[in-house]
Each structure stands twice: as C-alpha cells, then as structure tokens.
Protein chains: 2
Amino acid sequence: MSDVSFIPPRPGLPAGTAAERRDAARNRERLLAAARELIADCGAEGLTMDRLAEHAGVGKGTVFRRFGSRAGLMLTLLSESEADFQSRFMFGPPPLGPGAPGLERLIAFGAERISYVMEFGDLVLAAEHASRGRFEAPAAVLWHRHIEILLREEGFGPDPWLMAGSLAATLDPERLLSLVKVHGIAPDRLAASWRDLVTRVVREA
Amino acid sequence: MSDVSFIPPRPGLPAGTAAERRDAARNRERLLAAARELIADCGAEGLTMDRLAEHAGVGKGTVFRRFGSRAGLMLTLLSESEADFQSRFMFGPPPLGPGAPGLERLIAFGAERISYVMEFGDLVLAAEHASRGRFEAPAAVLWHRHIEILLREEGFGPDPWLMAGSLAATLDPERLLSLVKVHGIAPDRLAASWRDLVTRVVREA
DNA sequence: CATCTAAACGGACTGCGGTCCGCTTATTAT
DNA sequence: ATAATAAGCGGACCGCAGTCCGTTTAGATG
C-alpha cells in the first residue's frame, strides 16, 4: 500500500527533483524531531517558526525552505497518518475499503474521519490554516472524489460532485472539534448524525 | 422590525454602558467612513488596521478600542445588511419568513444565504477570521437555531440540533466562494444543490 | 469658572508568519 | 586536488494584528 503515495515525501517540491543533499536531510530530521518535541511540550498552537528554528539549531530561512509555510510543516507532520487513512479507505478492508456497498462505505468513512479528527485535531487545524484554500488541498480533493464516487455508486442523481462537497463540509475539523470541545458532544453522536445524513441523502437515489 | 436588535450598535461593549463621548462618536464615524473607502479602493483584504488608522487620522489604539479586532470591524461594517437578512427570515414575508411550510422556508433560506455571500463575500470572510470560533458568533447561532426550528417543524426526528449544524456547515462562506470563484460554479447550481439536500434530509421526516 | 475623573487617545512595542539576499558548503566534473 | 556550481543556509527585515501605558480631554460637579 505504501507504493502509492499521494503525499510526496518532500511536499512543496516538484516530483522529479534531484535527491537532497546530506546536510539538508540532516536538518530536515532535526527540524521534524524538534517540531514533535515542541508540540509534545506546548501543543500545536505553541509551535512558532522562530522557536522551532532556534530549538532545532538552524536559521529561520531553513525552516521555510524546507516546509514552505507553517501549514506545510503541519502537513508534513501529519503525512504519515494521513497516508495511512487514505490507503485504508481506498485499499483497505470493508466496510471502509472496497467490497462493501457505497452507503456502508460512506458511513464508515465519516466515522473514521471523525476518529481521525479527534486524534489529530489540533494538528489538522493548524495545517488547514494554510494561506490559500482548504478545499484545494490534495487530501481534501481526494476525499471529495471518494465521496462522489460512492454517491454515484449508489445511483445518486442530480449533482454528485456538489453533493459530495456538501457532505465533506459537514466533516470540517474545526466544526467537529468545536462540537466536542465546546459543546461536549460525544463523538459517537457525531458519527450517528453523519450516518443519518448520508442515509437520507442516498435513500432511493 | 428594528426594535429587535440581535447585533448591538456598538459590538463588544456591554449593553448598559453610558452614552459614548462626542469625540468617540466622531472618531467612530470617521473610522467607518475611512474603512468603507479603503475597501472600495483596495478590497477587504487590502484593509489593514494601520492603514485604516492613518487614513482616518486617528491612532491605532483607537481603532482597536472601537472595534476590538479586525473581525469586529468587519462585523460592524456588515451589521446593517446582516440585521436586514435576519429580520427577513424571521419576520419577513414567505417563503423566507413565517407562513410557508418548513421545507420551503429552508430552501429559501439557503438561496438567500447564497445570494448574501455572493454579495458580501469578502467582508464575511474577513469577519469570520475572528480569533476564536466561527460557530459561536451570535449570527451563526441564530441561523443554527432557525434551521433547527424548521427541521422540527417538519417533524425531523433523530437529532435536529446536530443536523441543523451540518446543514449550516454546508453554507460555509469560504466554501461557497471557492466554488464560485475557483471552480466557476453558478450560484444557481449551489442553490439547486441545497434544495436537493434539504429536501432529501427532510423527506418523510 | 475651576476642579476632578473616567473615558478616550496615540503610537511605541511585541510576537507572529513569511521574504530576501549575500554567504557557505556539498557535490560533481576535470 | 582543484575549480566550478548549484543547493543550502542564516538572520536581518517586512507587514501584520493586537497590547500597553503615559498623556490628553470631554463633560459632569460645585
């Protein structure tokens, strides 16, 4: 499953770039280690680019050269779990992966996504704060397509692409986190509501 | 209709505060005028607090004393049209206002909201970038309640409050704007998709 | 009018994300 | 080994939102 990578190992750089220099690789590792350390200590919000640079013992410019932006850094930190999530719903066992009917896969997808956000919430949030467009991020596009395909599989008529976007919007991390952390809603209830929503949307096509 | 104000005339200040001083009032007018001017010239993104202060001939501290934050300023600029929108769906004529069946009111609500975002998009976006929680803003809470009430009116069973939130998330301004501006989707198509969505959700309760 | 006080004021200051550009260094070719 | 070159590097610098605090002033009181 790891031979299909939707998240490049060094995001931001074009695919066919020459191998990176030794010192660059070393600094990247240093930075990632320092970042995880800082996040463990101060939380994702407490990670600033200056502090990261200092903590890793490199210049600030280096941080931005590596990751492009704060969001890019967060994305890199997430890439492993993100890729795992992706491969699970694309190639994994049913009901999340192929083999189950579309509706069941939709339901499972929502539940998984909710769990994912519960686990990596603040990281995801920080990654989303990217300068431009949370809807154009490669991962977001992929879910969108995924939902659209499942809708079509269920014979959904009018405008599957738009409806897929609407459903995806429903799983917005900021919203989910606010529901759980501010309003004290149990994640299970979120999953149940998602199940209800997609069931109604798909019903009798 | 204007005797019910959900948006205080001077947001951020407690209700029972003494009348503001003359100079303060004058500065507030100056600031609002300058802000509208700057937005007309440079767009909402081009409005920075420093430029606004300079343009209005006041100190920067004054700007923040008046509006609390950039988002607060944007909210103030929007308050008139926002209040108008609110009063229309709460007290106005059907199908948006009371008198029509819940489903029709829901459909009309989405359509109106889409138009609203198309008209004031960048303002809304800038206002939403408030420091904490776009879901706790008074206006957002109000729509949420509104949708919930209409769902209940249609006999929606399981979890009307959560479902209302999901439906509201579907109308997220950033998403709508991205669809129209990046993907070139016609607003009518958005409205049609919304109609389809709420119809399916409400169908046979 | 003089006095007093709370509100309003202004702008220097902080911390942030992000950019720029001259210097350094790993790597490759000769 | 040496020279050439492109990649990497660092940190000064920018514009931004938001804060702080000493100073000014509107307006009420006697």
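Convention: sequence-line order gives letters A, B, ...; per-chain numbering from 1.
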Take A:Glu119 and A:Ser81 through the test side-chain hydrogen bond (donor to acceptor under 3.5 Å, both in side chains) and record every step on the way to the result. CA-CA 10 Å; A:Glu119 185 167 0; A:Ser81 50; over 6 Å; no

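- Distance SG/B:Cys42 to CD/B:Glu37: 10.0 Å, rounded to 0.5 Å.
- Counting to the nearest Å, the C1' atom of C:dT14 and the CZ atom of A:Arg51 are 15 Å from each other.
- A donor and an acceptor atom never sit less than 3.5 Å apart when one is taken from the side chain of A:Lys60 and the other from the base of D:dA12.
- Atom pair A:Leu52:CG and C:dC16:C1' shows a separation of 14 Å (rounding to whole Å applied).
- Comparing B:Asp50 and A:Thr62 by the nucleotide of DNA chain D whose heavy atom lies nearest to each, the residue mapping closer to the 5' end is A:Thr62.
- Closest to the side chain of A:Arg22, out of C:dG17, C:dT27, D:dC16, is C:dT27.
- No salt bridge links A:Arg175 with B:Asp172; every basic N to acidic carboxylate O contact stays at or beyond 4.0 Å.
- Taking the side chain as every heavy atom from C-beta outward, A:Arg66 and A:Glu20 approach each other to under 4.5 Å.
- Rounded to a whole Å, the CZ atom of A:Arg70 is 15 Å from the P atom of C:dT19.
- Between the CZ atom of A:Arg65 and the P atom of D:dG10 there is a distance of 11 Å, given to the nearest Å.
- A heavy-atom distance below 4.5 Å is not found between the side chains of B:Glu82 and B:Phe120.
- Of all nucleotides listed (C:dG18, C:dA8, C:dA26), C:dA26 comes nearest to the side chain of A:Asp23.
- The nucleotide whose nearest atom lies closest to any side-chain atom of B:Met49 is, among D:dA17, C:dC9, C:dG17, D:dA17.
- Per the geometry, CZ belonging to B:Phe64 stands 13 Å off C1' belonging to C:dC13, to the nearest Å.
- For A:Arg21, no side-chain nitrogen or oxygen approaches OP1 or OP2 of C:dT27 to under 4.0 Å.
- Nearest nucleotide to the A:Val58 side chain, out of D:dA7, D:dG10, C:dA8: D:dG10.
- Following rounding to the nearest Å, B:Glu20 (CD) and C:dA6 (C1') show an atom-to-atom distance of 15 Å.
- A sub-4.0 Å separation between OP1 or OP2 of D:dG8 and a side-chain N or O of A:Asn27 is absent.
- For the pair B:Arg66 and C:dA8, the criterion of a side-chain N or O lying under 4.0 Å from OP1 or OP2 is met.
- Taking atom CZ of A:Arg26 as the reference point, atom C1' of C:dT25 lies 11 Å away to the nearest angstrom.
- The distance between atom CD of A:Glu54 and atom P of D:dA12, rounded to the nearest whole Å, is 13 Å.
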